[in-house]
Amino acid sequence: MKKILIVDDSETIRITVSTTLEGAGFTVVQAVDGIDGLAKLAENDVSLIILDVNMPRLGGLEMLERIQAEPKFSKIPVVMLTTEAHFSLIERAKKLGAKGWMIKPVKPENLIAAAKKIST
Amino acid sequence: MIDGRNTLATIVQSSAVSLFQVYAIAVAPIIASRTLPSNLDLQLSSTVSFSSPVLSGNLCLFLPPDLAAMAKWPGQKALDPKDWTRELCNQLLGRIKNRLHGCDIDLRTGLPMSVTGTLLDRHRSGKSPEVVFGFRTLRGEVIVTIAGAIDFARIHYTGKNVSAQEGDVIIF
């Protein structure tokens, strides 16, 4: 069973994403910000990271940079999930190594399809 | 020429209507600049800051306490109404921000906070100008306020399309 890490400071988002993906057969690990996300990443073998952009302590793009700089994690696909939609920010995430960008709120069927397509 | 106040009102109202629609809640805009409800501590409320050369201040969102029970989401798991309000505030400002890109305005946004209605009202007071938007729902009124420094003369559509849409999934 593939494991997905969701990193978001909103409990509402963590619960709705987890419920949706667990219903599609994934196992989901939750983290509340970038620092917690890196800790959970070290403890779990995940097939996909779903990452918010604006979070306290460590934001999503900063966490993405740290993931890409760590050979042990750099092959894990990352998809951003955020309210941010400016093309310049999306392009920045792509250059940093993200595999996708989803703008909240995302329909459950689209979230599942993206997870199935991108997870390793 | 369309007044900047009308442009901002159109952006806020369309953003709120489309956002609540996602959660299967119908909201209808009512007359702007209404007074706030007197029972603020019974309201679910949240605030988030924003800044740009044209608009800088806070958006506040007040929801009737029973509204969260109407919302539909995957799995129908019980969510914390306060956190849901905080996330709604975040998503509402996100929509407003994305629409303001069409006015060549790029807001920097803060992190939303869940606070009591009274505290939020005290925080709002004294900030001028303030624009109050009301929305009718089956469980009472939703109130959105935008307060701070607003240069209405510079809020006008330029037709630029520099952002994706809410709900979009972009695979690289």
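Naming convention: chains lettered A, B, ... in sequence-line order (proteins, then strands); numbering from 1 in each chain. As a basis for the values below, the full set of heavy atoms in this structure was taken, side chains included, without hydrogen atoms, waters or symmetry mates.
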Problem - Contacting region of A:Ala113 [heavy-atom separation from chain B under 4.5 Å] - result: neither
Handout entry: Heavy atoms from other residues, nucleotides or ligands near CD of A:Glu43 exceed 12 (cutoff 6.0 Å)
Key = yes
Exercise for the section: Working to the nearest 0.5 Å, report the span between CG of B:Asn90 and CG of A:Asp52. Expected result: 7.5 Å
Completion exercise
If you tally heavy-atom pairs under 4.5 Å between each of A:Ala98, A:Gly23, A:Ser88 and chain B, the highest tally belongs to A:Ala98
Handout entry: Under 3.5 Å donor-acceptor, B:Asp83 side chain and A:Thr12 backbone
Key = yes
Problem - B:Arg86 side chain near A:Asp9 side chain, heavy-atom distance below 4.5 Å - result: yes
Problem - B:Asn98 side chain to A:Thr83 backbone, donor-acceptor under 3.5 Å - result: yes
Problem - Spacing of CD1 belonging to B:Ile170 relative to CE belonging to A:Met102, to within rounding of 0.5 Å - result: 10.5 Å
Practice task
Could you state whether B:Leu61 and B:Leu138 fall into the same hydrophobic cluster, counting links through intermediate Ile, Leu, Val, Met, Phe, Trp or Tyr residues with side-chain heavy atoms under 4.5 angstrom apart?
Solution key: yes
Practice task
Please state whether the side chain, the backbone, both or neither of B:Val169 comes within less than 4.5 Å of a heavy atom of chain A.
Solution key: both
Problem - Min side-chain heavy-atom separation B:Phe172-A:Ile90 under 4.5 Å - result: yes
Problem - same_hphob_cluster(B:Val17, B:Leu100) at 4.5 Å side-chain heavy-atom cutoff - result: yes
Problem - Same cluster (ILVMFWY, side-chain, under 4.5 Å), A:Phe73 and A:Ile50 - result: no
Practice task
Spell out, yes or no, whether A:Leu38 and A:Leu48 are grouped together once hydrophobic residues are joined by side-chain heavy atoms under 4.5 Å, including indirect joins.
Solution key: no
Completion exercise
Ranking A:Glu84, A:Lys107, A:Lys117 by heavy-atom pairs under 4.5 Å to chain B gives rank one to A:Glu84
Practice task
Look up atom CG in B:Asp168 and atom CH2 in A:Trp101, then write down how far apart they are to the nearest 0.5 Å.
Solution key: 12.5 Å
Fill in the blank from the handout: Tightest non-hydrogen contact, residues A:Ile103 and B:Glu166, listed as CG2-CA, 3.5 Å
Handout entry: Atom group of B:Leu111 that falls short of 4.5 Å from chain A, counting heavy atoms
Key = side chain
Problem - Atom group of A:Met80 that falls short of 4.5 Å from chain B, counting heavy atoms - result: neither
Handout entry: Shortest non-hydrogen separation from A:Pro105 to B:Tyr23 and the atoms involved
Key = CB-OH, 4.4 Å
Practice task
Following the transitive rule for hydrophobic clusters with a side-chain heavy-atom cut-off under 4.5 Å over Ile, Leu, Val, Met, Phe, Trp and Tyr, establish whether B:Ile11 and B:Val54 coincide in one cluster.
Solution key: yes
Completion exercise
Bottom line for A:Lys99: the part with an atom under 4.5 Å from chain B's heavy atoms is backbone
Fill in the blank from the handout: For B:Asp80 and A:Glu11, the nearest pair of non-hydrogen atoms, with its separation, is CB-OE1, 3.5 Å
Problem - A:Lys2 atom NZ: more than 12 heavy-atom contacts under 6.0 Å - result: yes
